[in-house]
Visitor: 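Before we start, here is the structure in question, set down as structure tokens.
Note on naming: letters A, B, ... go to the chains in the order of the sequence lines (proteins, then strands), and numbering restarts at 1 for each one. Worth knowing before you read on, the calculation uses all heavy atoms, side chains too, and leaves out hydrogens, waters and symmetry mates.
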Amino acid sequence: MSGAVWHWTDHQGLLFYLNSKTKNIMSKVRVRFAPSPTGPLHMGGVRTALYNYLFAKKHGGDFLLRIEDTDQNRYVPGAEQYIMESLQWCGIHWDEGPGTENAFGPYRQSERKEIYRQYAMQLIESGRAYYAFDTPEELEAMRKRIEAEKSGNPQYDSRSRLSMKNSLTLSGDDVERRLAAGENYVIRIKTPENEEIVLEDIIRGTVKVHSSQLDDKVLFKSDGMPTYHLANVVDDYLMKISHVIRGEEWLPSAPLHVLLYQSLGWEASMPQFAHLPLLLKPDGNGKLSKRDGDRLGFPVFPLQWKDPNSGETSSGYREAGYFPEAFVNLLALLGWNPGTEQEIFSLEELVASFSLERVGKSGSKFDPEKAKWFNHHYLQSQPVEIVAEQMQEMARQQGQENTLEKLQKIATLMRERANFVYEILEQSQFFFEAPTHYDEGFAKKRWKEDTPEILKKLADVLEEVEPFDTESIHQVTHQFMEENQVGAGKLMPGLRLALVGSGMGPDLSTIMEILGREESLQRIRHAAENLKV
RNA sequence: GGCCCGUUCGUCUAGGGGUUAGGACGCAAGGUUUUCAUCCUUGUAACAGGGGUUCGAAUCCCCUACGGGCUACCA
């Protein structure tokens with residue numbers, strides 16, 4: 001948390017901010033989520049998007065989606081679509097993005113190509129950047145040389161650039177000739193030699209880096225596309241982004257971005273930064289990565305993803321049976337907390353409670369067990385109609401056809417013991433088919449010599465129950481126990497074995513109501529005839 | 001290697017000079033239940049280490065250790 005930054009909102013949701021550099025600037029909150037379509041978004045990316053969204057909505061601002069596809073070599077077909085579908089599934093809706101027509105668009109960097117060149121040229125003209133003609137081999141040789149000499153960082157920087165082929169070392173004529181001849185070139189930033197770069201991070205406070213540690217990063221590539229660094233600064237400026245909320249992996253290059261704002265003369269409208277702690281692998285160390293796929297025993301992706309190149313499929317939270325509400329809830333609490341003991345939050349509640357000041361500094365490991373607990377909660381609070389519909393669909397895929405009415409009864413009865421809809425179905429199989437075998441251990445303990453006789457007698461009584469519903473069955477069964485001097489501990493386990501096939505499950509009267517008279521009696525009599533211990 | 005960031009129960013975390021260091025998940029025990037599960041109750045378990053500053057440090061400062069990120073014409 002930075003001591004130098006305070007902010008508060010008014011009722012219009014405008015954010016006034018004040019920091020040590022800028023004075024009393026009033027601006028609308030505009031944030032962006034800027035993924036690269038190089039594959040599926042993993043849960044860490046979704047969390048970044050979520051925090052951006054929450055922050056924007058909290059302050060009545062805009063949330064934009066910008067596709068950072070400046071690396072044409074890494075483009076993966078379907079990735080952009082996947083990203084959008086993932087956000088939509090989570091309920092994270094963007095105000096501006098690909099597909100929305102707006103003065104700030106387009107929102108794909110590949111469609112903004114010409115814009116960047118103009119600013120790269122501006123930097124060249126003002127002496128803040130320069131052309132470089134070095135080949136990959138020459139770059140490699142330079143790194144090796146510095147490494148061997150131990151004369152500094154093996155990088156293209158204010159020291160080494162003087163021994164390279166660029167518009168700082170070459171004559172003006174030579175540079176002109178090379179450009180005219182169409183020789184490959186890049187544009188690099190000319191990092192100041194001796195300057196302290198200070199940035200205020202909302203989460204981390206003041207971060208200082210000396211410019212001598214920074215290298216002359218490529219801003220504009222030989223293929224005519226900008227690198228992330230240039231594109232991101234130019235777009236954030238043009239799109240009037242007020243806060244850059246992104247992963248901690250960007251912290252080391254944040255000083256470069258500050259330098260770019262300064263060099264382009266945009267320092268007064270530079271956004272505020274907030275670098276989020278990373279999501280870590282639950283086993284061992286390191287940040288969670290796409291490569292982790294299903295290796296850890298739980299999905300790392302919001303939605304299932306099929307890699308178009310390898311054909312490999314990675315599972316997603318949606319397909320694993322998670323409700324988007326649960327996924328969003330658990331993600332929100334991974335790195336942020338409200339300062340109260342509330343843990344269950346709807347998206348609306350998150351919007352109301354969220355603040356960057358309460359985002360922690362250290363990385364968090366994801367706990368699959370707690371994820372299940374969240375889903376359990378949302379399974380209980382879901383309208384039972386929805387649960388039944390999902391059960392119907394799942395059962396249908398397994399070739400089972402059931403009425404919604406029956407499934408609703410089952411869902412009501414069974415869901416509290418399940419974490420996922422599919423678990424309800426798994427634990428409810430006895431509703432759909434009669435036991436084909438009986439749990440041996442349970443039978444051994446509870447199926448007594450006289451159990452078949454008692455059950456047959458009970459079946460005869462149940463034959464007459466009217467109506468055949470939970471209440472009547474319950475009443476008649478208890479009356480039966482009393483009249484026949486049979487305790488519940490004696491009758492019920494056997495009855496359960498007959499109806500369910502094992503020693504588990506909910507209330508037997510309710511089970512019988514759902515099964516119906518015919519099926520219930522058939523099961524009881526079948527067990528009485530056939531089960532021998 | 002260099003630069004930067006971090007470190008409270010197993011995990012997510014509260015707590016920011018004086019607390020029995022709080023909650024949640026998990027785990028364990030007990031209760032409820034005709035069974036299993038749910039549910040309820042109780043319990044288990046943490047300030048990385050060392051120096052300071054202070055009457056007093058989990059909290060402020062320094063060092064160490066450990067972990068992480070970055071170090072591409074990737075984002």
Visitor: Is A:His376 touching bases, backbone alone, or none of the nucleic acid, heavy atoms closer than 4.0 Å?
Guide: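 Contact class for A:His376: sugar-phosphate only.
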Visitor: May I ask you to evaluate whether A:Arg74 reaches the phosphate of B:A75, defined as a side-chain N or O under 4.0 Å from OP1 or OP2?
Guide: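 No, no such contact exists.
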Visitor: What interatomic distance, in whole Å, is found between P of B:C25 and the corresponding atom of B:C40?
Guide: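 The answer is 9 Å between these two P atoms.
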Visitor: With A:Lys113, which residues qualify under side-chain contact (heavy atoms from CB on, under 4.5 Å), at least two apart?
Guide: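 Expected list: A:Met225.
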Visitor: Ignoring backbone atoms, establish whether A:Lys217 has a side-chain N or O less than 4.0 Å from OP1 or OP2 of B:U71.
Guide: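 A:Lys217 to B:U71 OP1/OP2: no side-chain N or O under 4.0 Å.
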Visitor: Hey, is A:Glu147 close enough to A:Arg143 for a salt bridge, meaning N to O under 4.0 Å?
Guide: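 Salt bridge absent between A:Glu147 and A:Arg143.
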Visitor: Using both distances under 3.5 Å as the test, list the Watson-Crick or G-U wobble partner of B:A65, or none.
Guide: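 The answer is B:U7, by the H-bond criterion.
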Visitor: Using whole Å, what does the distance between atom P of nucleotide B:U35 and atom CD of A:Gln427 come to?
Guide: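 Rounded to the whole Å, the gap is 17 Å.
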Visitor: Whether A:Glu343 and A:Lys370 form a salt bridge (side-chain N of Lys/Arg under 4.0 Å from carboxylate O of Asp/Glu) is what I want to check.
Guide: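 Looking at A:Glu343 together with A:Lys370, the answer is yes, because their closest N to O distance falls below 4.0 Å.
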Visitor: Flag the pair A:Asp215 and A:Lys217 as a salt bridge only when some basic side-chain nitrogen lies within less than 4.0 angstrom of an acidic carboxylate oxygen.
Guide: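 Salt bridge present between A:Asp215 and A:Lys217.
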Visitor: Salt bridge check, A:Asp71 against A:Arg74: does any charged N sit closer than 4.0 Å to a carboxylate O?
Guide: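 The answer is yes: the pair qualifies as a salt bridge.
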Visitor: Using a cut-off of less than 4.0 Å, is there contact between a side-chain N or O of A:Arg358 and OP1 or OP2 of B:G15?
Guide: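 Result: yes.
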Visitor: Answer yes or no: is there an ion pair linking A:Glu440 with A:Lys444, defined by an N-O contact shorter than 4.0 Å?
Guide: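 Between A:Lys444 and A:Glu440 there is no salt bridge, as every charged N stays at least 4.0 Å from the carboxylate O atoms.
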Visitor: What integer number of Å spans the P atoms of B:U8 and B:G67?
Guide: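 Here B:U8 and B:G67 have their P atoms 15 Å from each other.
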Visitor: Using atom CZ of A:Phe345 as one end and atom P of B:A24 as the other, report the distance to the nearest whole Å.
Guide: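 The distance from CZ of A:Phe345 to P of B:A24 comes to 15 Å, rounded to the nearest Å.
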Visitor: Can you sort out which residues in residues 489-498 of chain A have a heavy atom within less than 4.0 Å of RNA chain B? Ascending by number, please.
Guide: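 Those residues whose heavy atoms fall under 4.0 Å from RNA chain B, taken from residues 489-498 of chain A in numerical order, are A:Met492, A:Arg496.
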Visitor: With a 4.0 Å cut-off on heavy atoms, is A:Pro506 in touch with a base, just the backbone sugar-phosphate, or nothing at all?
Guide: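 The answer is base, as A:Pro506 lies within the cut-off (heavy atoms under 4.0 Å) of a base atom.
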Visitor: Please report the distance separating the P of B:A45 from the corresponding atom of B:C9, rounded so that it comes out in whole Å.
Guide: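 Going atom to atom, P in each nucleotide, I get 14 Å.
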Visitor: Would you please name every residue forming a ring pair (Phe, Tyr, Trp, His ring centres under 6.0 Å) with A:Tyr317, sequence neighbours left out?
Guide: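 If we apply the ring pair (Phe, Tyr, Trp, His ring centres under 6.0 Å) test to A:Tyr317, skipping adjacent residues, the hits are A:Tyr322, A:Phe327.
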Visitor: Please find the pair of heavy atoms, one from A:Phe430 and one from A:Leu515, that lie closest to each other, and give the distance.
Guide: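 Here A:Phe430 and A:Leu515 meet closest at O-CD2, 4.0 Å.
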Visitor: Between B:C60 and B:G16, how far apart are the two P atoms, rounded to whole Å?
Guide: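 One P to the other, the span is 10 Å.
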Visitor: Taking any strand in view, what nucleotide pairs with B:C55 in a Watson-Crick or G-U wobble way, both distances under 3.5 Å?
Guide: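 Its partner is B:G18 (Watson-Crick or G-U wobble, both distances under 3.5 Å).
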Visitor: Which atom pairs link the protein and nucleotides 40-44 of chain B when you take only N or O atoms and keep those under 3.5 Å?
Guide:
none

Visitor: Among residues at least two apart in sequence or on other chains, which ones pass side-chain contact (heavy atoms from CB on, under 4.5 Å) with A:Ser158?
Guide: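 side-chain contact (heavy atoms from CB on, under 4.5 Å) list for A:Ser158, sorted by chain: A:Arg161, A:Glu193.
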Visitor: Please report the distance, rounded to the nearest Å, between CD1 in A:Ile344 and P in B:G23.
Guide: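 Whole-Å distance recorded here is 18 Å.
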Visitor: Write down the partner of B:G43 under the Watson-Crick or G-U wobble criteria, each distance required to be under 3.5 Å.
Guide: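 In the structure as shown, B:G43 has B:C27 as its Watson-Crick or wobble partner.
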Visitor: Would you check if A:Glu426 and A:Phe420 make a side-chain contact, meaning some heavy-atom pair closer than 4.5 Å?
Guide: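 They are not in side-chain contact.
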Visitor: Show me the pairs that pass salt bridge (charged side-chain N to carboxylate O under 4.0 Å, His left out) and involve residues 479-499 of chain A, at least two apart or across chains.
Guide: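 Residue pairs with at least one partner in residues 479-499 of chain A: A:Asp450-A:Lys490.
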Visitor: To the nearest Å, how far apart are A:Trp250 CH2 and B:A72 C1'?
Guide: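 For the pair A:Trp250 CH2 and B:A72 C1', the rounded distance is 12 Å.
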Visitor: How does protein reach along nucleotides 4-13 of chain B, written 5' to 3' as B (base within reach of a heavy atom under 4.0 Å), S (only sugar-phosphate), or - (no contact)?
Guide: SSSS--BBSS
Visitor: Does anything in residues 221-237 of chain A form a salt bridge (charged side-chain N to carboxylate O under 4.0 Å, His left out)? List the pairs, not counting sequence neighbours.
Guide: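 Non-adjacent pairs meeting salt bridge (charged side-chain N to carboxylate O under 4.0 Å, His left out): A:Arg32-A:Asp236, A:Arg66-A:Asp235, A:Arg66-A:Asp236, A:Arg112-A:Asp235.
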Visitor: Over how many whole Å does the gap from A:Ile424 atom CD1 to B:U38 atom C1' extend?
Guide: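 Distance check: A:Ile424 CD1 to B:U38 C1' gives 13 Å.
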Visitor: A:Asp157 near the nucleic acid: base, sugar-phosphate alone, or nothing, with a heavy-atom cut-off under 4.0 Å?
Guide: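 Answer is nothing: A:Asp157 stays at 4.0 Å or more from every strand.
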Visitor: Under a 4.0 Å threshold between the charged nitrogen and the carboxylate oxygen, would A:Lys372 count as salt-bridged to A:Glu369?
Guide: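 Salt bridge between A:Glu369 and A:Lys372, a charged N being under 4.0 Å from a carboxylate O: yes.
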Visitor: Run the side-chain contact (heavy atoms from CB on, under 4.5 Å) test against A:Ser353 and tell me which residues pass, sequence neighbours left out.
Guide: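 A:Ser353 satisfies side-chain contact (heavy atoms from CB on, under 4.5 Å) with A:Trp336, A:Phe345 once adjacent residues are dropped.
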Visitor: Rounding to the closest angstrom, what is the interatomic distance between B:A57 and B:C47 at atom C1'?
Guide: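 Taking atom C1' in both B:A57 and B:C47, they lie 11 Å apart.
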Visitor: Any N/O pairs under 3.5 Å between the protein and nucleotides 58-66 of chain B? List them or say none.
Guide:
none

Visitor: Using a 4.0 Å heavy-atom cut-off across all strands, classify A:Val186 as base, sugar-phosphate, or nothing.
Guide: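 It contacts base atoms.
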Visitor: Quick one: ring pair (Phe, Tyr, Trp, His ring centres under 6.0 Å) partners of A:Tyr131, sequence neighbours excluded?
Guide: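 Expected list: A:Tyr185.
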Visitor: Roughly how many Å is it from CE in A:Met504 to P in B:U38, rounded to a whole number?
Guide: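 My rounded result for the distance is 11 Å.
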Visitor: What residues form a side chain to side chain donor-acceptor pair (under 3.5 Å) with A:Gln382, not counting sequence neighbours?
Guide: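 Checked A:Gln382 against side chain to side chain donor-acceptor pair (under 3.5 Å); zero matches.
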Visitor: Could you tell me how far apart A:Arg246 (CZ) and B:A75 (P) are, to the nearest whole angstrom?
Guide: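 In whole Å, B:A75 P and A:Arg246 CZ are 13 Å from each other.
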Visitor: With both distances under 3.5 angstrom, what nucleotide forms a Watson-Crick or G-U wobble pair with B:U33?
Guide: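 None - no nucleotide pairs with B:U33, as no candidate has both distances under 3.5 Å.
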